[in-house]
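What follows is a set of notes on a single structure, which appears directly below.
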Amino acid sequence: MSRIAVYGDRESVYGFASLGLDAVYMDKDNASDQFRKLCQSSGYAIIYITEQAAALLDREVERMKELLTPAVILIPGVSGNTGEGLSALRSSVERAVGTDILGD
(Lines give C-alpha, C1' and ligand atoms only; values in the text may rest on other atoms or scores of the structure.)
Protein backbone atom coordinates (compact mmCIF):
# COMPACT_ATOMS: atom_id res chain seq x y z
CA MET A 1 0.00 0.00 0.00
CA SER A 2 1.25 3.47 -0.84
CA ARG A 3 1.96 5.90 1.96
CA ILE A 4 1.84 9.68 2.29
CA ALA A 5 4.52 11.83 3.93
CA VAL A 6 4.47 15.42 5.07
CA TYR A 7 7.88 17.13 5.08
CA GLY A 8 8.80 20.38 6.78
CA ASP A 9 9.48 22.04 10.10
CA ARG A 10 8.20 20.27 13.21
CA GLU A 11 5.56 22.86 14.08
CA SER A 12 3.99 22.62 10.63
CA VAL A 13 3.91 18.84 10.17
CA TYR A 14 3.63 17.09 13.55
CA GLY A 15 -0.18 17.21 13.55
CA PHE A 16 -0.41 15.23 10.32
CA ALA A 17 0.78 12.09 12.13
CA SER A 18 -2.58 11.94 13.91
CA LEU A 19 -4.19 11.61 10.47
CA GLY A 20 -2.07 8.57 9.65
CA LEU A 21 0.48 10.40 7.51
CA ASP A 22 4.23 10.09 8.03
CA ALA A 23 5.46 13.39 9.50
CA VAL A 24 9.11 13.88 8.54
CA TYR A 25 10.85 16.74 10.29
CA MET A 26 13.29 18.70 8.15
CA ASP A 27 16.92 18.73 9.27
CA LYS A 28 18.07 22.12 7.92
CA ASP A 29 21.74 21.06 7.97
CA ASN A 30 21.05 18.02 5.80
CA ALA A 31 17.80 18.98 4.06
CA SER A 32 18.79 18.18 0.46
CA ASP A 33 20.00 14.66 1.21
CA GLN A 34 17.11 14.03 3.58
CA PHE A 35 14.50 15.12 1.01
CA ARG A 36 16.17 13.15 -1.78
CA LYS A 37 16.20 9.97 0.34
CA LEU A 38 12.57 10.52 1.29
CA CYS A 39 11.58 10.80 -2.37
CA GLN A 40 13.60 7.75 -3.36
CA SER A 41 12.34 5.54 -0.56
CA SER A 42 9.77 3.09 -1.78
CA GLY A 43 6.20 3.30 -0.67
CA TYR A 44 5.45 7.03 -0.87
CA ALA A 45 2.88 7.99 -3.47
CA ILE A 46 2.54 11.58 -2.21
CA ILE A 47 4.90 13.87 -0.35
CA TYR A 48 3.44 17.12 0.92
CA ILE A 49 6.15 19.72 1.57
CA THR A 50 5.74 23.04 3.34
CA GLU A 51 6.44 26.22 1.39
CA GLN A 52 9.27 27.10 3.75
CA ALA A 53 10.99 23.73 3.18
CA ALA A 54 10.41 23.95 -0.58
CA ALA A 55 12.06 27.38 -0.67
CA LEU A 56 15.23 25.83 0.73
CA LEU A 57 15.05 22.90 -1.68
CA ASP A 58 13.75 24.59 -4.82
CA ARG A 59 16.00 22.69 -7.26
CA GLU A 60 15.21 19.27 -5.76
CA VAL A 61 11.49 20.01 -5.52
CA GLU A 62 11.27 21.09 -9.16
CA ARG A 63 13.12 17.94 -10.26
CA MET A 64 10.79 15.71 -8.27
CA LYS A 65 7.67 17.47 -9.59
CA GLU A 66 8.57 16.19 -13.06
CA LEU A 67 8.34 12.55 -11.94
CA LEU A 68 5.13 10.58 -11.78
CA THR A 69 5.73 9.27 -8.26
CA PRO A 70 5.98 10.42 -5.68
CA ALA A 71 3.76 13.41 -6.29
CA VAL A 72 5.34 16.40 -4.51
CA ILE A 73 2.72 18.93 -3.44
CA LEU A 74 3.38 22.25 -1.71
CA ILE A 75 1.27 23.14 1.30
CA PRO A 76 1.26 26.18 3.55
CA GLY A 77 3.13 25.83 6.83
CA VAL A 78 2.99 27.66 10.12
CA SER A 79 5.29 30.42 8.83
CA GLY A 80 7.18 31.57 5.74
CA ASN A 81 4.18 31.25 3.43
CA THR A 82 4.05 32.87 0.02
CA GLY A 83 0.62 31.68 -1.07
CA GLU A 84 2.06 29.19 -3.53
CA GLY A 85 1.24 26.22 -1.29
CA LEU A 86 -2.38 27.22 -0.84
CA SER A 87 -2.70 27.86 -4.56
CA ALA A 88 -1.21 24.43 -5.37
CA LEU A 89 -3.44 22.76 -2.79
CA ARG A 90 -6.52 24.51 -4.17
CA SER A 91 -5.60 23.39 -7.69
CA SER A 92 -5.09 19.78 -6.58
CA VAL A 93 -8.44 19.70 -4.75
CA GLU A 94 -10.20 21.26 -7.72
CA ARG A 95 -8.78 18.64 -10.08
CA ALA A 96 -9.77 15.86 -7.69
CA VAL A 97 -13.35 16.92 -6.97
CA GLY A 98 -14.13 19.09 -9.98
CA THR A 99 -14.74 22.34 -8.13
CA ASP A 100 -13.04 24.71 -5.70
CA ILE A 101 -14.38 23.63 -2.31
CA LEU A 102 -11.77 25.54 -0.28
CA GLY A 103 -13.15 28.97 -1.16
CA ASP A 104 -11.34 32.23 -0.43
Side-chain angles (χ1 to χ4, degrees):
M1 180 163 59
S2 297
R3 299 180 337 209
I4 300 174
V6 183
Y7 183 73
D9 60 282
R10 181 176 175 78
E11 295 78 22
S12 296
V13 303
Y14 76 90
F16 287 97
S18 65
L19 300 174
L21 307 179
D22 294 342
V24 181
Y25 308 130
M26 180 178 64
D27 174 9
K28 289 185 181 180
D29 297 330
N30 195 22
S32 290
D33 289 337
Q34 185 186 32
F35 181 70
R36 202 173 304 117
K37 287 177 185 176
L38 180 65
C39 290
Q40 293 171 351
S41 64
S42 61
Y44 288 114
I46 301 171
I47 298 174
Y48 291 105
I49 181 171
T50 63
E51 290 179 30
Q52 184 180 26
L56 295 173
L57 303 167
D58 59 343
R59 190 173 297 150
E60 289 86 358
V61 170
E62 287 304 315
R63 189 167 6 106
M64 294 309 299
K65 281 183 176 181
E66 295 173 3
L67 301 177
L68 183 59
T69 57
V72 176
I73 302 171
L74 271 65
I75 59 172
V78 173
S79 64
N81 298 317
T82 63
E84 186 177 352
L86 184 57
S87 175
L89 186 59
R90 178 174 278 119
S91 176
S92 296
V93 169
E94 190 170 341
R95 280 193 310 250
V97 298
T99 188
D100 179 10
I101 61 172
L102 297 178
D104 286 329

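All values below come from the heavy atoms of this structure, side chains included, with hydrogens, waters and symmetry mates left out.
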Identify the two heavy atoms, one from P70 and one from I47, that lie closest to each other, and give their separation to 0.1 Å. CG-CD1, 3.8 Å

Student check: side-chain heavy atoms of Y25 and V6 closer than 4.5 Å: no

Taking side chain as C-beta onward, heavy atoms only, is R36 less than 4.5 Å from Q40? yes

Nearest 0.5 angstrom please: I4 CD1 to Y44 OH, how far? 10.5 Å

Let me confirm one number: the CE-CG distance from M64 to L57, rounded to the nearest 0.5 Å. 11.5 Å

Under 4.5 Å between any side-chain heavy atoms of V61 and L74, yes or no? yes

Distance-minimising heavy-atom pair for A45 and S2: CB-CB, 3.5 Å

Sequence neighbours excluded - salt bridge (charged side-chain N to carboxylate O under 4.0 Å, His left out) pairs with any residue from residues 8-32: R3-D22

Evaluate the side-chain proximity of Y7 to V13: yes if any heavy-atom separation is below 4.5 Å, no if none is. no

Testing the basics here: between A5 and V24, what is the closest heavy-atom pair and its distance to 0.1 Å? CB-CG2, 4.4 Å

Which atom names give the shortest non-hydrogen contact between S32 and E60, and what distance separates them? OG-OE2, 3.1 Å

After noting the C-alpha distance and the side-chain angles of V72 and F35, does the key distance pass the side chain to side chain contact (heavy atoms under 4.5 Å, CB included) rule? CA-CA 11 Å; V72 176; F35 181 70; 4.2 Å; yes

